[in-house]
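To start, the structure itself, in structure tokens.
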Amino acid sequence: MDSEEKTETIEKESPQANSGLTIILKTDEDDHRAVYLSGNFNDWATQDKRFMLRPVKKGEYSFTFPDGFEYPETLAYKFTKGDWSEVEIDRYGNKTPNRYCSKTSGIQHEHVPRWRKNWLPYRPSQLPQVHLISEEFEIPQLNKKRKIWALLPHDYDSSDEHYPVLYLQDAQNLFNENAPFGNWQIDKKLAVMSDYGIGKIIIIAIEHAEKERVLEYNVGKTLLGEGQGKKYIRFVTDTLKPFVDKNFRTKPEREFTGIGGSSMGGLVSIFSGLMYPEVYGKLMIFSPSLWVIPKIKFSFLDIFEPMDTKIYLYAGGDESETMIKHVKKFKKRLLKKNSSKENIKVNLSINMEGKHSETYWSDEFPKAIEWLFFSDREGKV
């Protein structure tokens, strides 16, 4: 069947094709990733399932706007594979301009030569400035010293802007090319995101304690024994954050402050948000080690008084037998705790093929950044 016959088939089979605009997309590169529309009609959200295209055949997709859809005067949009690090690009790997359409019915034909795959390609000029805060930053709560980094927007020195801040655990695995288990490539992903107006953020990367990592990230008494997590959380909150706010152009308020990590780093980040909700308004939690809490009763949530908080929660289906069950239970308890209010927002992302590794946390990083810090932005991307 040729393309004209296929288009006719779509028009005949789709009950909405004659009442709303249908977009037919052809792409030279195709893979298993879903294709989404992102535009001025949904605040440029990149994972909006309401605007996910239907696969027709390899290299061809379609979408029909539903009855009752309120068209802007001119549709402005792009195609993505789920976030701005997986957006359409031209045949040479460059950023494409926005697409426009003024029709409200009929067929709009579009073509995408290539897609970004994860963070590639990126422009080196957009890479964040990697600033070593200290080789031996004092941790008075633990009587230790630690290497801490700041990743600043690429144009930080030529700007007078103030930025939101995300504190991340396990700095050794965030942007270190020589990390033994791979790394999140956050520097390259921030470079790509900055092209789309969602990379203007300061990342504070805190190296873990090597052999004492688990002890330091373990909060209270768990299946792993008695941990030092509460002291570590007080360090980040009471010592490091005031230093960062004093020495960098930050937006110090809780609605612009996040904390996150993976595995045990995710667990200590959960407790950071629960212990100090007045400080952290955004939590980025990847594959948290909830199994270490006896019987997973989450009784610690009983002390939590929720404020306006966004939590991005990720789990992989190929991590363990209990990972998805535990994160779903955690989300349920959070929302139950918040049942009388609507100030806790949880975005649960599950990749059934996901393993417990930096590769999958790297894939999730730009999606989490966008949803936590930039999902309410407006304007051209």
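None of the values given here were measured: they were computed from a predicted structure.
- The list of salt bridge (charged side-chain N to carboxylate O under 4.0 Å, His left out) pairs with a residue in residues 269-286, not counting sequence neighbours, is empty.
- Side-chain contact annotation: Thr309 with Arg254, donor-acceptor N/O pair under 3.5 Å present.
- A donor-acceptor contact closer than 3.5 angstrom links the side chains of Glu110 and Tyr77.
- Annotation: salt bridge (Lys or Arg N to Asp or Glu O under 4.0 Å) contacts of Asp170 (sequence neighbours excluded): Arg213.
- The stretch residues 233-244 participates, sequence neighbours left out, in these side-chain hydrogen bond (donor to acceptor under 3.5 Å, both in side chains) pairs: Gln141-Thr239, Thr237-Tyr280, Lys241-Asp245.
- Aromatic pair Phe175/Trp149: centroids less than 6.0 angstrom apart.
- The aromatic ring centres of Tyr156 and His131 sit 6.0 Å or more apart.
- Counting heavy-atom neighbours within 6.0 Å of Lys331 NZ, excluding the residue itself, gives a total above 12.
- Going from atom OG1 of Thr22 over to atom NE2 of His109 covers 10.0 Å, rounded to the nearest 0.5 Å.
- Grouped with Tyr36 in one hydrophobic cluster are Met52, the linkage being side-chain heavy-atom contacts under 4.5 Å among Ile, Leu, Val, Met, Phe, Trp and Tyr residues.
- No more than 12 heavy atoms of other residues, nucleotides or ligands sit less than 6.0 Å from atom NZ of Lys325.
- In this structure, Ile206 CD1 and Tyr167 OH are separated by 8.0 Å, a value rounded to the nearest 0.5 Å.
- We find the CG-CZ distance between Leu372 and Phe374 to be 10.0 Å, quoted to the nearest 0.5 Å.
- Among Gln169, His208, Glu216, the single residue meeting the side chain to side chain donor-acceptor pair (under 3.5 Å) criterion with Tyr232 is Gln169.
- Under 3.5 Å, the side chains of Thr27 and Trp115 contain a donor-acceptor pair of N or O atoms.
- Judged by the 6.0 Å and 45° rule, Lys189 forms no cation-pi pair with Trp184.
- Leu152 contributes atom CG, which lies 5.5 Å from atom CD1 of Ile202 (distance to the nearest 0.5 angstrom).
- If you check the side chains of Asp30 and Tyr61, you find a donor sitting under 3.5 Å from an acceptor.
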Given the rule in the salt bridge (Lys or Arg N to Asp or Glu O under 4.0 Å) test, do Glu29 and Lys117 qualify, once you have shown the distances and angles that lead to the verdict? CA-CA 11 Å; Glu29 285 185 350; Lys117 176 63 176 176; over 6 Å; no
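- With hydrogens and angles left out, the side-chain atoms of Lys310 and Ser375 include a donor and acceptor closer than 3.5 Å.
- The line from NZ of Lys329 to NE2 of His326 is 7.0 Å long, rounded to the nearest 0.5 Å.
- Asp28 is linked by a salt bridge (Lys or Arg N to Asp or Glu O under 4.0 Å) to nothing, counting only residues two or more places apart in sequence or in another chain.
- A salt bridge links Glu135 to Lys147: one of the charged nitrogens lies within less than 4.0 Å of a carboxylate oxygen.
- Relative ring orientation between Phe65 and Phe69 is described as tilted, the plane-to-plane angle lying within the 30° to 60° band.
- Using the six-membered ring where Trp is involved, Phe51 and Phe41 have ring planes that are tilted, between 30° and 60° apart.
- For Ser287, the side chain to side chain contact (heavy atoms under 4.5 Å, CB included) test picks out Tyr314, Glu319, Met323, His356, Trp361, with sequence neighbours left out.
- Atom CG of residue Leu215 and atom CD of residue Gln228 lie 4.0 Å apart, to the nearest 0.5 angstrom.
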Please test Glu138 against Lys145 for salt bridge (Lys or Arg N to Asp or Glu O under 4.0 Å), starting from the C-alpha separation and ending with a verdict. CA-CA 5 Å; Glu138 293 280 351; Lys145 297 179 180 179; 3.8 Å; yes
